[in-house]
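Before any comments, here is the structure.
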Amino acid sequence: MKETLTKIKKAIKGAQTALLASHVDPDGDSIGSMLATGMILSQFGVEVDYYSKDGVPRIYRFLQESGKVKKKITANKRYDLLITLDSSDIKRVGGDLPETGLAKLVINIDHHPDNTKFADINFVEKSSSTAELVYYLAKSLKAKIALAVAECLYVAIITDTGNFRYENTSANTLAIAEDLLKAGVSPPEITTRIYDTKSVASIRVQAAALSSLEISPERNVAWATATKEMMEKNHAKAEDLVGLVDQIRSIDGIEVAILFREEDGKVKVNFRSKSKINVSEIARVFGGGGHMRAAGVIFENKAIEQAKDEVIKEVLKRIKASKYLV
Ligand code: 5GP
Ligand code: MN
């Protein structure tokens, strides 16, 4: 890690401009890590632009600098650095990234085990969140962790650890959280903004999707579907479904939870597992990826019924093959 950090420090100190990019369907970790990195780079005189193809979900818009995030890349603008945050593959950044020439140097900061190490500098380490790695970068740069930066990192860490509940929460995670609290972060203020400011559309669309809940015969796999019609009827956006798949996983005895959703003519699938099945392996079968307990895949050209059939068949096969049933 030390060698990589030295390389990144050198690159930042020699840069004047940087484009920071999150992944499609951004979560708290990709948005928080991107904004924190941007604010840190600004301290070193780097002029930064932020890119998130799908914008910033409403609940993260209280974070400083979130208003500067653009959904499009400025045509023909070139940068000294492109830094991708929380993206296991350059394709996860999505959108209109030109094939070549966007930046002189690409830095990939990520914690996904299936990261393809696509960049010139790959800062890819096992950690609760990409934000933990951004924190180490800030420390190694001796950057000031101002309250605005600390809030971005805290949001990123809690959203990836389920507010410190998941098994990716380590002693390091809590030590970093301690430092962020010392910088002034208020946990109740942040958790209220992240977990207790749901839209009515979100509650309604989640209720509709939950009413489609199906359970496998062995009662260890559960899935629900959010159709285009449910979304439209409830005036819901993709971000209104956040948390639903976690709720399905919370059912007693469920090992794998799946949410199928129709969006922009695509079928998006979110996977969660409780403690035994590696859902990133299942997602990978269909060209997706993620972590052991949280993963996803996007089907560009498949009818939802077909996607459901294929995915459920694969999940049931894996469950059957795994030792945990016996
Ligand atoms: P979520 O279900 O919260 O959107 O995503 C859970 C995890 O799976 C995250 O680490 C996310 O980056 C990853 N993931 C979600 N969808 C996809 C996808 O379509 N492709 C890949 N490679 N990873 C995904
Ligand atoms: Mn993450």
Side-chain angles (χ1 to χ4, degrees), residues 21-37 52-54 57 59-60 84-95 108-118 123-135 152-163 166-170 173 176 194 209 223-224 226 237-249 256-261 263-264 266-273 277-302 307 311:
S22 87
H23 59 71
V24 293
D25 294 326
D27 59 2
D29 190 24
S30 64
I31 295 292
S33 295
M34 173 175 73
L35 297 176
T37 306
S52 167
K53 180 190 164 268
D54 295 323
I59 55 169
Y60 307 124
T84 61
L85 287 309
D86 204 39
S87 300
S88 53
D89 192 301
I90 190 73
K91 289 190 211 98
R92 281 285 287 158
V93 174
N108 159 20
I109 307 181
D110 184 38
H111 68 131
H112 288 90
D114 56 354
N115 190 288
T116 57
K117 312 227 169 125
F118 53 85
F123 183 21
V124 179
E125 299 279 338
K126 186 175 185 301
S127 61
S128 73
S129 51
T130 297
E132 271 193 31
L133 305 178
V134 173
Y135 173 88
C152 288
L153 295 176
Y154 194 81
V155 163
I157 291 171
I158 65 167
T159 49
D160 262 28
T161 61
N163 209 12
Y166 304 148
E167 64 196 16
N168 57 359
T169 306
S170 69
T173 315
I176 293 170
I194 298 300
W223 61 95
K237 297 191 217 124
E239 66 193 62
D240 291 322
L241 293 169
V242 165
L244 180 55
V245 70
D246 306 282
Q247 212 180 321
I248 299 170
R249 173 175 55 184
V256 177
I258 317 162
L259 175 66
F260 297 94
R261 50 197 179 90
E263 194 190 317
D264 302 333
K266 298 173 191 155
V267 178
K268 298 189 174 180
V269 188
N270 304 89
F271 295 94
R272 294 291 185 270
S273 71
I277 300 285
N278 184 344
V279 283
S280 82
E281 280 176 6
I282 299 175
R284 232 173 293 152
V285 169
F286 301 99
H291 302 284
M292 216 152 70
R293 306 281 173 247
V297 58
I298 300 173
F299 291 101
E300 301 281 345
N301 293 304
K302 204 172 276 261
V311 166

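Because the structure is predicted, anything quoted here is derived from the model rather than measured. Numbering of ligands and ligand atoms starts at 1, following listing order.
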Give the atoms of ligand 1, by number and element, whose distance to some non-hydrogen atom of [X] is under 4.0 Å.
X	value
Asn270	1 (P), 2 (O), 4 (O)
Gly289	8 (O), 13 (C), 14 (N), 20 (N), 21 (C), 22 (N), 23 (N), 24 (C)
His291	10 (O)
Arg272	1 (P), 2 (O), 3 (O), 6 (C)
Ala295	6 (C), 7 (C), 8 (O)
Ala294	6 (C), 7 (C), 8 (O)

Would one find an N, O or S atom of [X], in either backbone or side chain, under 2.8 Å from the Mn ion (ligand 2)?
X	result
Asp27	no
Asp86	yes
His112	no

Tell me, please: is [X] in heavy-atom contact with ligand 1, that is, under 4.0 Å?
X	result
Lys268	no
Ile298	yes
Val297	yes

Any donor-acceptor pair under 3.5 Å linking the side-chain atoms of Arg293 with those of Asn168?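 No, no side-chain donor-acceptor pair sits under 3.5 Å.
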With no hydrogens and no angle check, just 3.5 Å: does a side-chain donor-acceptor pair link Asn108 and Asn115?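 A pair is found: one side chain offers a donor N or O, the other an acceptor, under 3.5 Å apart.
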Which residue and heavy atom of the protein sit nearest atom 9 (C) of ligand 1, plus the separation: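 Closest protein heavy atom to atom 9 (C) of ligand 1: His112 NE2, 3.8 Å.
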Please list the nearest protein heavy atom to atom 16 (N) of ligand 1 with its residue and the distance rounded to 0.1 Å.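 Answer for atom 16 (N) of ligand 1: Gly296 CA, 3.3 Å.
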Which angle, to the nearest 10 degrees, do you find at the Mn ion (ligand 2) between OD2 in Asp160 and OD2 in Asp29?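 For OD2 of Asp160 and OD2 of Asp29, the angle centred on the Mn ion (ligand 2) reads 90°.
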Can you name the closest pair of heavy atoms from Ser88 and Asp114 and give their distance?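 That closest heavy-atom pairing would be CB-OD1, 3.7 Å.
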Tell me if a side-chain donor or acceptor on [X] pairs with a main-chain N or O of [Y] at a distance below 3.5 Å.
X	Y	result
His111	Ser127	yes
Asp54	Pro26	no
Ser87	Ile90	no

Go through it in stages, so that I can follow the logic: the residues are Ile176 and Leu153, the test is side chain to side chain contact (heavy atoms under 4.5 Å, CB included), and I'd like the CA-CA distance, side-chain angles, deciding distance and then a yes or no. CA-CA 9 Å; Ile176 293 170; Leu153 295 176; 5.9 Å; no
Thinking salt bridges, do Arg249 and Asp246 make one under a 4.0 Å N-O criterion?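 Counted as a salt bridge, because a side-chain N and a carboxylate O are separated by less than 4.0 Å.
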Please say which of Thr130, Asp27, Val155 ends up in a side chain to side chain contact (heavy atoms under 4.5 Å, CB included) with Asp160.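 Exactly one candidate clears the test, Asp27.
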Nearest option to atom 11 (C) of ligand 1, as decided by whichever heavy atom of Arg92, Arg293, Lys266 sits closest: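 The residue whose heavy atom sits nearest atom 11 (C) of ligand 1 is Arg92.
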What class does the angle between the rings of His112 and His291 fall in, given that below 30° is parallel, 30 to 60° is tilted and above 60° is perpendicular?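 The rings of His112 and His291 lie parallel, inter-plane angle below 30°.
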